[in-house]
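Presented below is the structure to which this report refers.
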Protein chains: 2
Amino acid sequence: MAHPTLEDVAARAGVSRALVSLVMRGSPKVGKERREAVLKAADELGYRPNVMARGLAAGRTGMVGVLAADLHDPLFAALHDGLADEAARRGVRVLLAGGGGRPARERAALGELLDLRLDGLLLAGPRIAAAEIERAAAGCPVAVAGRSLRSARVDCATGDDAEATRLAVTHLAGLGHRRIAFLNAGPGRSRLEKAYEAAIAAAGLTPVRDVPWRSDGAPTSVVAVGDATGTSALITLLRAGLDVPGDVSLVAVGEAPGAEAGGVTTVAAPAAELGARAMAALLDRIGGGTGEGRRITVPPVLTGRATTRAFTP
Amino acid sequence: MAHPTLEDVAARAGVSRALVSLVMRGSPKVGKERREAVLKAADELGYRPNVMARGLAAGRTGMVGVLAADLHDPLFAALHDGLADEAARRGVRVLLAGGGGRPARERAALGELLDLRLDGLLLAGPRIAAAEIERAAAGCPVAVAGRSLRSARVDCATGDDAEATRLAVTHLAGLGHRRIAFLNAGPGRSRLEKAYEAAIAAAGLTPVRDVPWRSDGAPTSVVAVGDATGTSALITLLRAGLDVPGDVSLVAVGEAPGAEAGGVTTVAAPAAELGARAMAALLDRIGGGTGEGRRITVPPVLTGRATTRAFTP
DNA sequence: ATGAAAGCGCTAACAG
DNA sequence: CTGTTAGCGCTTTCAT
């Protein structure tokens, strides 16, 4: 028998279907004797409950969907580690769908996930319009990780890259660096640059701009911002013939691919925690009814690796 | 109404449920008039078919599951691009599950996917035992990408890293390099090292081993093997004070994270094609009944970037 | 061309 | 404690 059903198990164990259903869900009100008979029959037949049928009948599936806007983003893998752990801890299954980095695909994937009628949805770094998310949230509990929405019924967990930038500057300043440059290759330039400037000012320093390497007032350290900037920045510096961290120290803001392998000191939101917090909020919402959408901010963490060193004149 | 059903649509359109079902699936044998009435009602109600119910009733879901052994592997994202395209092209939905890099988790995720009773399963880089895969394949069409199984009922699509290594050596030799070193940081050392040696011999050269940089017989080029080797190798070389590709050329075998951003010349299996081929095989198997398990080998491709240059004495 | 009826595999009240 | 009876939302014969 390819896929034995509840009924097959019941027949083999000589009991009713309902009894088997109870046993499969671990109900306490079944006699030891019968329970074991059922378990034995199920095992012999290789019975596995059909999740679809179960979901249809119960009205809940015990599964949540996770929509990854972009599977290429290494951030997502870390995020997934955290949210999967949290879900496993609470006995919930996770199903993924990938948005392929394109809003159109993401929208389609969201629709597919919605059509599955899962218990909830977690959107990781969504790029689609807020209104679309809002609409999805009307029919299904929704949480978002990596983007903040102003919505009453969506929980959001985000990092704080302005704070991360500030932390990077502070760290470098604490190491004795006085000339700290800012390097950007990504969106959000002005916002993070402002954070940089504010942090520089707060440390009693002045921004370093467009000063050539090895010149007199050359920076002794760099804060690199933007997703792919960490390792690329290191390579750029090395290519310029600089010793890192001998000549300049480097701190990358945000988890760049290969930052660990490349030994780049990084300050970023702990992605796993971001995922776990978002999942926790989602499961709370699913379980505990409703409430205002939560705004969760996870503070950035500095991971010291091999590209920073105290400034020595 | 939160989730209108077929029945709601039927009532609103003044027809029977069966009629609506036909229309939703685009059957040609429905009068134009009624069809439009149904479509209109469905639209007004915001009707979305429940895929669980549909799957249960139809015996097919129109979805395949993809199990990613390790979401962290950037290879998977590329693989997914290819397989998702192929699936979309053939009107099939894709659902993902992540193995978290640990066989135990992968096993669990496989079970969950199996319990969903999808139309088929695609295993990406599975680390679990062949016997387990075989067992899964007994109850559900299965294809594997990134690992070769000797199984009659599982289709496998793989790259060929020995061939990739050979190609890397040949490319460098073609560029005029005579002293080509081999750098390894990963499993499979002996196999790839043999491929390196064979290619070196075929090019009429001799292997370069343990010769210090800048010494007399120092290598003028390097073939770096192993998953994280590409960018790390570049960083290592730069750190050693070498100009790349001025002093040495570098070819990484396998798609390393950040290889593109770092501008590292790479020779690797085109992951998207790997995914597409595996998905195609799976869908063929689902559609066209059975047949011997296919063995698909996708030849590696060289992506010239900024770390190689012709040798000039 | 359209509707009625019988399930798909399971859960959830109910009775016993 | 256990079995019976209805569905969950949809597809699919089979009549009409």
Side-chain angles (χ1 to χ4, degrees), chain A residues 1-39 41-42 45-63 93 112 114-119 139-140, chain B residues 1-39 41-42 45-63 93 112 114-119 139-140:
Chain A
M1 191 168 333
H3 286 298
T5 74
L6 208 57
E7 181 133 32
D8 299 320
V9 177
R12 183 171 240 267
V15 299
S16 76
R17 281 170 19 193
L19 214 285
V20 180
S21 175
L22 284 180
V23 173
M24 294 319 292
R25 273 171 301 140
S27 161
K29 43 186 181 181
V30 180
K32 185 169 191 282
E33 196 127 327
R34 302 209 159 214
R35 140 169 290 115
E36 284 176 357
V38 168
L39 256 19
L45 255 28
Y47 171 74
R48 308 247 42 188
N50 182 327
V51 183
M52 299 247 180
R54 178 182 292 209
L56 191 56
R60 320 169 296 95
T61 60
M63 304 187 290
R93 271 57 202 276
E112 293 172 22
L114 248 17
D115 289 351
L116 242 21
R117 305 286 198 276
L118 303 174
D119 297 347
C140 167
Chain B
M1 191 166 338
H3 287 298
T5 75
L6 207 57
E7 181 134 31
D8 299 321
V9 177
R12 183 170 240 270
V15 300
S16 78
R17 280 171 18 194
L19 214 297
V20 180
S21 176
L22 284 180
V23 172
M24 293 319 290
R25 273 170 305 140
S27 162
K29 42 186 180 181
V30 179
K32 185 168 192 285
E33 196 126 330
R34 301 208 160 216
R35 137 169 291 111
E36 285 176 356
V38 169
L39 256 19
L45 255 30
Y47 171 75
R48 307 249 42 189
N50 181 327
V51 296
M52 296 248 183
R54 177 181 293 208
L56 191 56
R60 319 167 298 94
T61 59
M63 305 187 290
R93 272 53 204 275
E112 292 171 23
L114 248 18
D115 289 351
L116 278 171
R117 304 286 197 278
L118 303 175
D119 297 348
C140 168

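Quick note on labels: first sequence line is chain A, next is B, and so on, each numbered from 1.
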N or O in side chain of B/Arg54 less than 4.0 angstrom from D/dC8 OP1/OP2: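 B/Arg54 to D/dC8 OP1/OP2: no side-chain N or O under 4.0 Å.
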
Any sub-3.5 Å donor-acceptor pair from A/Arg34's side-chain atoms to A/Ala13's backbone N or O?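 Not at all, since once roles are kept as given, no pair shorter than 3.5 Å links the two residues.
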
Got a donor-acceptor contact below 3.5 angstrom from the A/Arg35 side chain to the A/Ser27 backbone?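 It does hold such a pair.
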
Going 5' to 3' along DNA chain C, which nucleotides are the first and last within contact of chain B (any atom under 4.0 Å from a heavy atom)?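 Listed 5' to 3', the contact boundaries are C/dA1 to C/dG9.
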
When the distance from [atom1] of [X] to [atom2] of [N] is rounded to whole Å, what number comes out?
X: B/Tyr47; N: D/dG9; atom1: OH; atom2: C1'; value: 7 Å
X: B/Lys29; N: D/dT16; atom1: NZ; atom2: P; value: 18 Å
X: B/Leu19; N: D/dT11; atom1: CG; atom2: C1'; value: 14 Å
X: A/Met52; N: D/dC10; atom1: CE; atom2: C1'; value: 13 Å

For a stem of at least 3 consecutive Watson-Crick or G-U pairs with distances under 3.5 Å, i pairing with j, i+1 with j-1 and so on, which stems involve DNA chain C?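 Ordered by first number, the stems with DNA chain C (at least 3 consecutive pairs each) read C:1-11 with D:6-16, C:13-16 with D:1-4.
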
Check side chain to side chain contact (heavy atoms under 4.5 Å, CB included) between [X] and all other residues, then give those that pass, not counting sequence neighbours.
X: B/Ala57; result: none
X: B/Leu19; result: B/Val15, B/Ser16, B/Val23, B/Val30, B/Val38
X: B/Ala37; result: none
X: A/Thr61; result: A/Met63, A/Leu118, A/Asp119, B/Met52

Where at least one partner belongs to residues 46-59 of chain A, residue pairs that pass salt bridge (Lys or Arg N to Asp or Glu O under 4.0 Å), sequence neighbours excluded: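 Listed once each, the pairs are A/Arg48-B/Asp115.
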
All salt bridge (Lys or Arg N to Asp or Glu O under 4.0 Å) counterparts of A/Lys32, not counting sequence neighbours: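 A/Lys32 satisfies salt bridge (Lys or Arg N to Asp or Glu O under 4.0 Å) with A/Glu36 once adjacent residues are dropped.
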
Mind checking side chain to side chain donor-acceptor pair (under 3.5 Å) for [X] and listing every partner two or more places apart, or none if nothing turns up?
X: A/Arg25; value: A/Ser21
X: A/Glu7; value: none
X: B/Arg12; value: B/Glu44

Any protein N or O atoms within reach of nucleotides 12-15 of chain D? Criterion: under 3.5 Å, listing atom names and distances.
unit_1: D/dT12; atom_1: OP2; unit_2: B/Arg25; atom_2: NH1; d: 2.7

In whole angstrom, give me the gap between the P atoms of D/dT2 and C/dG9.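 So the two P atoms sit 25 Å from each other.
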
Could you tell me how far C/dC10 sits from D/dC1 if I compare only their P atoms? Round to whole Å.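 Those two atoms are separated by 25 Å.
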
Given D/dG9, D/dT4, D/dC10, the nucleotide with the shortest approach to the side chain of B/Leu56: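 Closest of the options to the side chain of B/Leu56: D/dG9.
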
